[in-house]
Number of protein chains: 2
Amino acid sequence: MATPSNKNLRTEVRSAAFEQVREAHQTETAEDYVEMIADLIAEKGEARVVDLASAFGVTHATVNKTIARLNKEGFVTNEKYRSLFLTPKGQKMAEACKSRHEIVVGFLKSIGVSARTAELDAEGVEHHISPETLKAFAAFAKKKK
Amino acid sequence: MATPSNKNLRTEVRSAAFEQVREAHQTETAEDYVEMIADLIAEKGEARVVDLASAFGVTHATVNKTIARLNKEGFVTNEKYRSLFLTPKGQKMAEACKSRHEIVVGFLKSIGVSARTAELDAEGVEHHISPETLKAFAAFAKKKK
DNA sequence: AACCAATTGTAGCCTTGGCTAAGTTTTTTG
DNA sequence: CAAAAAACTTAGCCAAGGCTACAATTGGTT
Ligand SMILES: [Mn+2]
Ligand SMILES: [Mn+2]
Ligand SMILES: [Mn+2]
Ligand SMILES: [Mn+2]
């Protein structure tokens with residue numbers, strides 16, 4: 001049980017887990033932004049800087065800086081003083097994120113978590129769910145329904 | 001369905017969710033460090049800077065800077081060139097985090113996620129689980145067992 | 001057309017959490 | 001017990017994501 005190889009395995013999984021968390025946090029902002037931009041365009045016809053600021057609860061200056069990064073990384077296109085658009089790459093990511101988001105919310109509700117808490121917790125949890133776990137979530141929620 | 005009050009509620013929950021995520025990320029490092037320090041002391045008798053660096057997969061310089069902050073915030077005590085200790089406040093937090101971590105891992109396994117993936121995903125998920133959801137996780141895993 | 005309010009942009013600041021590189025101290029080892 | 005290795009500290013750099021304050025642009029109102 002307490003063999004060296006066992007301990008090494010635990011150690012290896014441990015640091016891999018933290019590495020995975022750091023990676024998730026690096027893509028998190030891009031994921032939330034593209035999802036929100038897609039939602040806003042679907043709901044209101046356009047996504048403006050003020051809308052994003054209000055949705056995320058941050059200042060417009062923060063949104064502006066983030067948009068500049070997402071533009072540089074190829075997720076968003078933006079012209080000065082005009083509303084925001086997603087690139088095909090950004091759209092694809094938005095769809096995947098929306099789907100994942102909904103699976104997580106649905107799953108949490110299906111194990112008895114209230115709608116509000118499910119929404120609140122899902123916004124963070126969604127970024128730390130591997131494909132395997134996502135599949136398990138989807139399967140469970142579907143069976144439960 | 002698409003009444004204004006409904007839309008305002010959605011909007012309110014939305015920004016509250018992102019605020020909750022930002023808060024979780026602010027306490028995350030402290031939580032992971034105190035838990036790890038407690039684990040190392042339990043397993044090896046002491047927690048050293050190199051141990052933490054290897055466990056988290058970061059450099060010892062990064063650990064050092066973080067420890068300085070945790071000291072300032074009252075979670076850790078440290079004397080130069082000596083191993084690290086938790087304050088009572090740090091110990092209390094470590095226990096809560098360890099318990100929460102185990103609940104999350106156990107829950108993921110109970111819905112069919114493999115042991116390795118459960119460990120990997122739990123390290124991030126744990127910080128985004130509210131008390132209500134944690135209770136639901138614990139209840140489900142217990143029932144399933 | 002001119003003005004004013006709203007929106008967007010930009011500069012500069014802060015904190016966190018990464019890193020490398022170089023200097024100290026402690027511990028081990030020959 | 002001296003030298004080498006290991007561990008620790010410190011300084012300085014970077015990127016991300018917050019903020020405030022101020023400047024520029026747009027768009028609606030009169
Ligand atoms: Mn999210
Ligand atoms: Mn989301
Ligand atoms: Mn963690
Ligand atoms: Mn997170």
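Naming: A, B, ... by sequence-line order, numbering from 1 per chain.
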* Within a strict 4.5 Å, meaning less than it, do heavy atoms of the A/M36 and A/L40 side chains meet? -> yes
* Looking only at atom types and distance, does a side-chain atom of B/D121 sit under 3.5 Å from a main-chain N or O of B/A118, one as donor and one as acceptor? -> no
* What do you reckon, is NZ of A/K89 surrounded by more than 12 foreign heavy atoms closer than 6.0 Å? -> yes
* Asked: Side-chain N or O of B/R69 less than 4.0 angstrom from OP1 or OP2 on C/dT15?
  -> no
* Asked: Among A/E126, A/R100, A/K98, whose side chain to side chain contact (heavy atoms under 4.5 Å, CB included) with A/E31 holds?
  -> A/R100
* So A/H128 and A/H25, would you call those rings parallel, tilted or perpendicular, with 30° and 60° as cut-offs? -> perpendicular
* Salt-bridge test for B/R10 and A/E43: reply yes if a basic N is under 4.0 Å from a carboxylate O, no otherwise. => yes
* Asked: Can a side chain N or O of B/N64 be found less than 4.0 Å away from OP1 or OP2 on D/dC8?
  -> no
* To do: Can you tell me the distance, in whole Å, between the CD atom of A/E23 and the P atom of D/dA16?
  => 15 Å
* Take atom NE2 of B/H25 and atom C1' of C/dT15, then tell me their distance rounded to the nearest Å. => 16 Å
* Rounded distance (Å) that lies between atom C1' of C/dT7 and atom CD of A/E79 -> 16 Å
* Asked: Are A/E12 and B/R116 close enough for a salt bridge, meaning some N to O gap below 4.0 Å?
  -> yes
* **A/E73 CD to D/dA15 P, straight-line distance once rounded to whole Å** => 12 Å
* To do: State which residues pass salt bridge (Lys or Arg N to Asp or Glu O under 4.0 Å) with B/K135; sequence neighbours excluded, sorted by chain then number.
  => none
* Asked: Separation of A/L70 atom CG from D/dA15 atom C1', in whole Å?
  -> 14 Å
* **Rounded distance in Å - CG (A/N78) to C1' (C/dT10)** => 14 Å
* Given atom CD1 of A/I67 and atom C1' of C/dT7, what is their separation to the nearest angstrom? -> 15 Å
* Which of residues 35-54 of chain A have a heavy atom under 4.0 Å from DNA chain D? -> none
* To do: Identify the residue among A/T66, A/T87, A/I67 that makes a side chain to side chain contact (heavy atoms under 4.5 Å, CB included) with A/V76.
  => A/I67
* **Sequence-aligned protein contact record of nucleotides 18-28 of chain D, with B where the base is within under 4.0 Å of a protein heavy atom and S where only the sugar-phosphate is** => BBB---BSSS-
